[in-house]
There are 2 protein chains.
Amino acid sequence: MADIDSGSERPASRKRADARRNEKTLLDAAAAAFVASGVDVPVRDIAARAGVGVGTIYRHFPTRADLIVAVYRHQIEACAEAGPALLADSSTPHTALVQWINLFVDFLITKHGLAAALQSDDAAFRTLHAYFLDRLVPVCDQLLDAAVAAGEIRPDMDAYGLLRGVGNLCIGAGSDPRYDARRLVELLIAGLRLR
Amino acid sequence: MADIDSGSERPASRKRADARRNEKTLLDAAAAAFVASGVDVPVRDIAARAGVGVGTIYRHFPTRADLIVAVYRHQIEACAEAGPALLADSSTPHTALVQWINLFVDFLITKHGLAAALQSDDAAFRTLHAYFLDRLVPVCDQLLDAAVAAGEIRPDMDAYGLLRGVGNLCIGAGSDPRYDARRLVELLIAGLRLR
DNA sequence: CCAAGATACGGAACGGCGTTCCGGATGCCA
DNA sequence: TGGCATCCGGAACGCCGTTCCGTATCTTGG
């Protein structure tokens, strides 16, 4: 679960060279396939794109969630790290919260099917769900706490529920021009404000 | 699409007796299966429950959506009809809107997987989507208009978007005690209020 | 440089699913 | 009761995720 040598010293390269090459190829192929056909793209399509067999995918990424997380890890990290930064730079915690939520929404609505996968109770997506939550709930919590402390929002909203709600609202956005997820999320956040 | 003889005069009973019997049996079996395993229950399970072959299901209900609509038609109608009634009985349009949305939410969160099916872009669910929208959007529109006319909510929200948002928020409710869809919908509606 | 062992690969194979199809059974009416 | 339109059951097909294993490739010690 933890990618220890992410920066990568070379600890005598545990894995075979072709394996490392394939892993990179797969990540690129998956990213392209996700863009073209959504995160629900058939595994065989990703394999074909990468020019490998399906078995190779499962050896590198035992579950579909692992592959999705690997593809989007950087963006999720960036989103998580933006939280404290926004809090420091914004005039009020509420502003920071709004901007951070917007970041999250922008991320979700540009990844066709990701929001839906996030909420799926399918066992294969459990770890996807878990990764997002582990990484983002604490950040959201910090923003909420700050806004509550500043007396800007009601104190009875939990980060978990808020993030799931926002994620849910993003489902189907982008595939229907009449549905404006961004606006609904704005309304939801507006509903948090004390008046 | 339109079930003409819903009340059912007997127009010389077009269909064979066994066919009519099977249709009723199927509706009951499907309702039970939906309760037990959600609206995504495998077609074979419904067939087994009803003691018929899968072909029989597809003859009576060409798409899965047709079956779902048939099972829930009464409740959807009731919800639609409650709109004007609430508007007439409530002290303010906004109260009526809130109560009506609550009705809709209660309906959705007790039907495991229905909210998700509603938002699915799968072709098989297109008509499900369409039926809900055709029936409920006008009602919601009427409630919104009244609340806007009374100066209670912002005037720039459309019924379609609101209903989809509410439907989205109901996805996954009931399968996770930490996720309170009802509360989030309340917040969303609160965000509509003029302050 | 060359085995021999370790590692990774490809894609056939399996089970579950929705959906289609058709030979055979069944209700209906004359 | 006979003949026909209708309906039924479940086998069959294609798509999908996932597993499995014979084969190919890399690595390393000699």
Side-chain angles (χ1 to χ4, degrees), chain A residues 10-30 33-34 36-70 113 116-117 120-128, chain B residues 10-30 33-34 36-70 113 116-117 120-128:
Chain A
R10 73 210 48 234
S13 70
R14 329 182 95 67
K15 290 155 81 164
R16 263 168 50 171
D18 55 346
R20 255 175 302 138
R21 226 180 315 123
N22 269 326
E23 185 164 331
K24 197 158 219 71
T25 305
L26 272 173
L27 280 175
D28 292 344
F34 289 169
S37 316
V39 297
D40 292 321
V41 63
V43 177
R44 281 165 175 76
D45 287 7
I46 303 175
R49 233 176 234 271
V52 304
V54 289
T56 303
I57 293 190
Y58 284 95
R59 189 162 320 95
H60 288 287
F61 306 100
T63 76
R64 195 190 197 71
D66 293 325
L67 181 53
I68 297 177
V69 167
S120 162
D121 52 0
D122 186 332
F125 291 116
R126 206 64 56 85
T127 67
L128 180 65
Chain B
R10 72 212 49 234
S13 71
R14 322 185 100 69
K15 289 156 80 165
R16 263 170 50 172
D18 55 345
R20 257 175 301 136
R21 226 179 316 124
N22 268 327
E23 185 164 331
K24 199 159 216 69
T25 305
L26 271 173
L27 280 176
D28 292 345
F34 289 168
S37 315
V39 297
D40 291 321
V41 63
V43 177
R44 282 165 175 72
D45 287 7
I46 304 176
R49 232 177 235 271
V52 303
V54 290
T56 303
I57 293 189
Y58 283 96
R59 188 160 319 95
H60 288 288
F61 306 100
T63 75
R64 195 191 196 73
D66 293 324
L67 182 53
I68 297 177
V69 167
S120 162
D121 51 1
D122 186 333
F125 291 118
R126 207 63 55 83
T127 67
L128 180 65

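In what follows, chains carry the letters A, B, and so on, assigned in the order in which the sequence lines appear, proteins first and then strands, with residues in each chain numbered from 1.
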Protein-nucleotide distance (B:L67, atom CG; C:dT19, atom C1'), rounded to Å: 14 Å
A:N22 side chain near C:dC9 phosphate (N/O to OP1/OP2, under 4.0 Å): yes
Atom-pair distance (CZ on A:R14; P on D:dT27), nearest Å: 15 Å
A:D18: salt bridge (Lys or Arg N to Asp or Glu O under 4.0 Å) partners, not counting sequence neighbours: A:R16
Distance in angstrom units between B:F61 CZ and D:dC8 P, rounded: 11 Å
With sequence neighbours excluded, residues passing side chain to side chain contact (heavy atoms under 4.5 Å, CB included) with B:F61: B:E23, B:L26, B:L27, B:D66, B:L67, B:A70
C:dG10 OP1/OP2 closer than 4.0 Å to side-chain N/O of A:T56: yes
Residue closer to the 5' end of DNA chain C, B:D122 versus B:R21 (nearest nucleotide): B:D122
Between C:dT26 (C1') and B:R20 (CZ): distance, integer Å: 15 Å
Below 4.0 Å: OP1/OP2 of C:dC9 and any side-chain N or O of A:H60: yes
Which residues share a side chain to side chain contact (heavy atoms under 4.5 Å, CB included) with A:D121, sequence neighbours left out: B:H112
Residues in side chain to side chain contact (heavy atoms under 4.5 Å, CB included) contact with B:V54, at least two apart in sequence or another chain: B:V43, B:R44, B:A47
From C:dC28, D:dC7, C:dC9, nucleotide with atom closest to B:K15 side chain: D:dC7
Any residue meeting side chain to side chain contact (heavy atoms under 4.5 Å, CB included) with B:S37, in chain and number order, not counting sequence neighbours: B:V41
Where protein sits on nucleotides 14-24 of chain D, one letter per nucleotide: B base, S sugar-phosphate only, - none, heavy atoms under 4.0 Å: --SBBBB----
